[in-house]
Amino acid sequence: MGRHIRERRNRAGLSQAQLAALAAISAAGLRDLEQGRVLRPRPDTLRRLAAALSLTAAETDALIELGHDPDGDPGGLRIEVLGPLRVTIGAHPVDLGSPTRRVLLALLALSPNTVVPRDELTEQLWGSPQAAPLLQTHVSRLRARLAGQPVAISAVGDGYRLDVTADQLDLLAFRQASAQARSLAAHGQPEEVLRRLQQAVAMWHGAPLADLPGLQTHPALVDLGRQRRACAIEYADAGAPPQQALAALLPLAEADPLDEPVCLRLMTALAATGQRAAALAAYEALRRGLRDELGVDPGPELEQAHRTLLGGPAGHVPEQLPAAPHRFSGRQSDLARLDGLLAGWPGRAPLVCTISGMAGVGKSTLAVHWAHAVRDAFPDGRLYLDLRGYDPGRAAMSSGEVIRALLEALQPGARLPHAPHALAAHYRSLVAGRRVLILLDNARDAEQVRPALPGAPGAMVLVTSRDQLTGLAAAQHAQPVRLGVFTAAEARSFLAYRLGEQRIAAEPAAVADIVEACGRLPLALAVVAARAATHPHFTLAALAAELRGGHGTLSALEISDRAADVRTVFMHSYRDLRPAEAAMFRLLALHPGPEVSVAAAARLADVAGTEARRTLRELAAAHLIEEPSPGRFRFHDLLRAFARELVLAVDSVADRAAASRRMVGHYLHTAAAGTLLLAPRRDPIGLAEGSSGQPLADHRDAMDWFRTEYPVLLAVADVADGPYLWQLAWAMLTYQDRAGYWQDWAELQDKALRAAERSGDRLGAAHSQRGRGRALAWLGHPDARTPLHRAMDLFAALGDIASLGHVELDLSVVEELQGRADLALRHAERGVALFERAGHQAGMANALNNICVQLAELGRHEDSVRYGHRALALLRELGDRRGEAATHDSLGVAYLHLGDHGRALADFAQAYRLFEEVGDRPGCGDVLLHLGDAHRAAGADTDAVAAWRAALAIFEELNLADAEKALQRLAIPVG
C-alpha cells in the first residue's frame, strides 16, 4: 500500500508535503504510510488521499482494499461528524435508513456520553415536543442498525445518551488531541504541541455535519465550528508547515471572509509558499468586505502584514484600460457574478474569466466598466488589448502578436526575444506573482488567447468573445459569464439614461414598442437612442413606427458607422462560418419557432442528426443562436430577421420550399406516431408524403414530446397548408384533449377545415368537422352538433362506416354534456351497431362504456355495471389503458349509486392511476370529483374534501368549467 501511494504521488508530480496538504493529513502521517509503518489506515484517510491524487472510484476501492488486513481486526464502529455524517464498520459504510435517523444520531453524537433530553430531540426532529412515540421508534431502529457494535444508545431518565469512545467518534478524538496540545503547551513542549494539533486538524474533512443543513444553526454545531477555528489558528501559530496551515485555514476563510485573525494567518501562509499575489488578493477581498458590509478598515496587524507584502519588488505599472463608459446601466447580476469570482479567488492560480455573448450585446462595455471598478485590486497594473477577432476592417491578431504587445506594455522599450517560445516564456516569467488585470477584448477563439494565459498565480485574465471559448473552460478552468440581452426593465433604464427620464416617461407605449422591436439588444437600443438624441423633435412613437415599418427592423437600424451598424456586425460573424454552418443558419429562419430541436433542424437542413447537433452547437458557440436547454435552440429576434434576409437572398424558392416541406413533414409524422402511442386504438390515417418523424419510445415519451413541442406545433400549423394542415390538426387532437387545450383545439380545427375546403379535400374536411365538433362539445358550445352532423354526411359519402360510429359516440357525448341521457344512450347504441358492422373492436369497447355511463345516468345501475364489465374485458384485451381508465370511472359511479362504496372506491382509485399513467389531466380531475363523492357517501368527510380540492386544483390549472362543480361540492361561493 505504501509503495502504491508513493508511486501515485510521484506520477502526479507532488511532494509529500503537497499531497499531505491536499488530503488534509499530516506530512508525518503520510511518511509513515509510505514507509509501511501504518498497517491499517482509516478508510476515510485513504479516501482523502485518493481524492487528492484524482483516483477513479475503482482505484479508490482498490487502495482501501490494500489498506485492509484480512488477518487482523476487521475494524469496529466509526462515527464521523467533522464533515458530512459518516458511519462505518471497518471499511464498510452503514446505512442508517431515513434522513430522520441520520439527524437523530448526529444530535446524540454532538453531545457524546451526555444525556440529551427527549423534548430537545423531538423539537429538533419534528418541531414538536409531543412526538415522543416517534422518537422511541427511531431510536429502536437506530439501535438495530448498529447492532453488534460496542456502542450504546441508552435511555437515561428523560432522555437518551450515546456512549462512545474517542476511537469510535472523531469529535471526541479531536477534543482529546486539542486538549493534549494545550496541556503540552503549558509544559513547554512545542514539538509535541505541533504534532497533537496536526492530528486534530487532520481529522476534519469538511464543515461539521455539512450534509445536514437543518442542524447548521444548532448551538452545539456552532460551538464546534468555533473549536475548529481555534484549533486551526493555534496550529498556524505553533509553526505549522505553510502548506498544511493553508489546508487548515482556507476552508475557514471561505466560510467567513471577514475573519481578520484567520485572514492574517492565511496571508502569512500564502506568502511563505511563494504566493505573494494571492496573499495580497486575500487582503484586498477582506478590506473590501469590511468596508462594504461594516464600514470599517482592517486592524493594525493586517495593515502591517499588507505593508510588508507590498515591500516586495516593484516595477513599471501599466495602465492601459480604455476610458470607462460615460453612462452605464443595468447588468447588476453579471457585475455581481464578476465581483463574486474576484472575491472568492484564493489566488493559488491565475483567475481566467470569459464574457461571451452575441454580437452587439455589450460584452466589451461590461468588461471595461467592471475593470475600472476593481482597478484597485490590481496594484501591479491593468493591461488591455483589442484582439480584433471580429473587426471587419483589420485582421485578427496572431497569438505571437498578442504576447509581444503584452510584453511591450509590461516592459516598454526593452529588447524582447524573437523566437515565439522565448517570448512566451519571458511573458510568463514577467507576470508570475504580479497582481495584474489583463483584459483581452474581442477574442476570435481559444487558441488566440491561450498563449497569453499566465502559468503562475497573481494575474486575472478577462476575455470577451462572441465564441463561448469552451476550450478555455475545459483546459484552463476559465469561469464563464454568458451575457444575454437586457431585461425589459434594463432596456428601459438604458434608454432613460441616454434620453432622459422625462422623455421616456412621456411615451411609455412607444418605449415598450422600441424595446420589443430591438429585441432588447444593447447595440440596437444604442442606435435608436442615438437617433432620438440627434433628432430631439422626433417623437418616440415615430421612431417605433419606423422600426415596425415594412422596410424591416435591420434596415431601420442602419447607420453610417459600419462598426456600430447592426447588420454589418452580424454579417461579419456570418462570414466566419463554414458552408454547412452558414446553410443551417439561413434555413433556421424558415422554422417558425420558438425553439428548434436537433431532430427538426436535421430534417430542415437534410443532414444527419449528429451533423446537425455539431453544427447547431457551433452556431451557439458563435452566439448566432442560443441553446436555452440541452438540445434545443432559438434565435434572437434581430438575428432571425438577419437570417431571414439571407435565406431569401441566397437560397432558391425551390430549395426553401423543399426545406419547409421536410420540416412540416417531420412534425406531422412525429405527432402522428405520438398520438397513436397516446391512444393506440385510435384509427390511423394515411399521411401526406414527407420525411420520417422523430422516434418515440412509449406513451410517456410521446407526452413529453408533445408537452415540449406544443408551442412549436402551433407555430408550424400557421405555415402548413393542404393535407399537412388537417393531418397535423388530427395528430395534435389527442394531446390537446388530454391536456385540456380545447380552445386551441377548436381554433386549429377551424383553420384545418378552411384549408381542406379550399383544396376540395373531402376526407380532410370530414376529419376537421368531426374534430371541431368534439372541441366545441368540451367547450360547452351550444352548436357542437352542427359540425358533427356535417362530418357524418361527409363520412357517409366516403363510405367510412367506422368513422360514422365514432361520430355517433361524439354526438352521445354532446347529449350527455347537455343533460340528455336518453338521447346520449340512443347515439351510443347506434355506435355499437355501426362498429359491429365495421368489425371495429376498439370502437365497440368505447361504445359499451358510453352505454354504461348513460344507463347510470338513467338510474339503471345494475345494467350499467353489466355493460361496464363487458367494455372493460374488451378494453383489456385491446390494451387500451385510457379506455380502461374511463370505464373504471364509469363503474365506480354505478357502484356508488348501488351503495357499494368499497367497490366504487377501488374502481375510482384504479381509474385515477390509469389516467395519471397516460397523462390525462382532465380525466384525473373527473375521477377525483367522483372519488370525493364516494368518500362523502362512506362518511369520510376529510378524505372527500381532500379529493375535491385536488380536483379543483387540476380544473383551475387547466382553466376548465368543471372547477364550478368542485367549488359547489366544497361549498365555496362561485364567482
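Since this is a predicted model, take the numbers as computed values, not measurements.
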Gln216 CD: over 12 foreign heavy atoms closer than 6.0 Å: yes
Look at atom CZ of Arg141 and say whether more than 12 heavy atoms of other residues, nucleotides or ligands are closer to it than 6.0 Å. no
ring-ring contact (aromatic ring centres under 6.0 Å, His included) contacts touching residues 171-190 (sequence neighbours left out): Phe174-Trp204
Charged N to carboxylate O below 4.0 Å: is that the case for Arg913 and Glu916? no
Electrostatic pair Asp380:Arg435 at N-O distance under 4.0 angstrom: no
Donor-acceptor contact present, side-chain Arg265 to main-chain Ala245, <3.5 Å: no
Any sub-3.5 Å donor-acceptor pair from Arg482's side-chain atoms to Ile355's backbone N or O? no
Applying salt bridge (Lys or Arg N to Asp or Glu O under 4.0 Å), name anything that partners Glu120, two or more places apart in sequence or on another chain. none
Name all residues meeting the salt bridge (Lys or Arg N to Asp or Glu O under 4.0 Å) criterion together with Arg700; count only those two or more places apart in sequence or in a different chain, and write none if there are none. none
Does anything in residues 103-114 pair up under side chain to side chain donor-acceptor pair (under 3.5 Å), and if so which pairs, sequence neighbours excluded? none
When rounded to the nearest 0.5 angstrom, what distance separates CG in Leu224 from CG in Leu82? 6.0 Å
Non-neighbouring partners of Ser333 that pass side chain to side chain contact (heavy atoms under 4.5 Å, CB included), sequence neighbours left out: none
Identify each donor-acceptor pair in which a side-chain atom of residues 335-346 lies under 3.5 Å from a protein atom, sequence neighbours left out, and give them as a table.
residue : atom : partner : partner atom : Å
Arg337  : NH2  : Pro480  : O            : 3.0
Asp339  : OD1  : Trp370  : NE1          : 2.7
Trp345  : NE1  : Ala349  : O            : 2.8

